[in-house]
Novice: 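I'd like to ask some things about the structure below.
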Amino acid sequence: MVDRRRVNRFLRSKIREAGRQYEMARSSYRDGRDSDLDDVPRDEADRARIVCRRYAEKRAVTLDSEGRPACYDADHPDCEGCVEDLHAGTIEIW
């Protein structure tokens, strides 16, 4: 028979290792997501210069902690697409 303590130690070590890998991946994802928003051109007031998909006009907007423009409307599909493009780095800029 296999020693029960040995199996418990093995399982604990693997669970700890998986937890560390999860935290590293989570941290890397967060850093990568935030760095995408750093690539957006900004004006002198540190507002992102984007082209609004909803109204098709140039705007300088502040971004909240989740990377959404101040003009964001959760119920509008163009606003959802704008935020997705902003995070993907494919937003139209000026």
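Only this structure's heavy atoms are used, side chains among them; waters, hydrogens and symmetry mates stay out. None of these values were measured; they are calculated from a predicted model.
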Novice: L63 and V83: same hydrophobic cluster, using ILVMFWY side-chain contacts below 4.5 Å?
Specialist: no

Novice: If we only count heavy atoms from C-beta on, is the R47 to R42 side-chain gap below 4.5 Å?
Specialist: no

Novice: Rounded at 0.5 Å granularity, tell me how far OH in Y72 sits from CG in D78.
Specialist: 12.0 Å

Novice: Could you tell me whether the side chain of R53 and the main chain of G81 form a donor-acceptor pair under 3.5 Å?
Specialist: yes

Novice: Please report the interatomic distance SG(C82) to CZ(R68), rounded to the nearest 0.5 Å.
Specialist: 12.0 Å

Novice: Can R26 and E23 be counted as an ion pair, charged N to O under 4.0 angstrom?
Specialist: yes

Novice: Among all residues two or more places apart in sequence or in another chain, which pass the side-chain contact (heavy atoms from CB on, under 4.5 Å) test with Q21?
Specialist: E17

Novice: Are R54 and D73 packed together at the side-chain level, in the sense that at least one heavy-atom pair is separated by less than 4.5 angstrom?
Specialist: yes

Novice: Between CD1 of I50 and NZ of K58, what distance do you get to the nearest 0.5 Å?
Specialist: 13.0 Å

Novice: I want to check something: taking the side chain as every heavy atom from C-beta on, are R59 and C71 in contact at a cut-off of under 4.5 Å?
Specialist: yes

Novice: Output yes when a side-chain donor or acceptor of S27 lies under 3.5 Å from a complementary backbone atom of M24, and no otherwise.
Specialist: no

Novice: Please find the pair of heavy atoms, one from A60 and one from D43, that lie closest to each other, and give the distance.
Specialist: CB-OD2, 3.6 Å

Novice: Would you check if T62 and P69 make a side-chain contact, meaning some heavy-atom pair closer than 4.5 Å?
Specialist: no

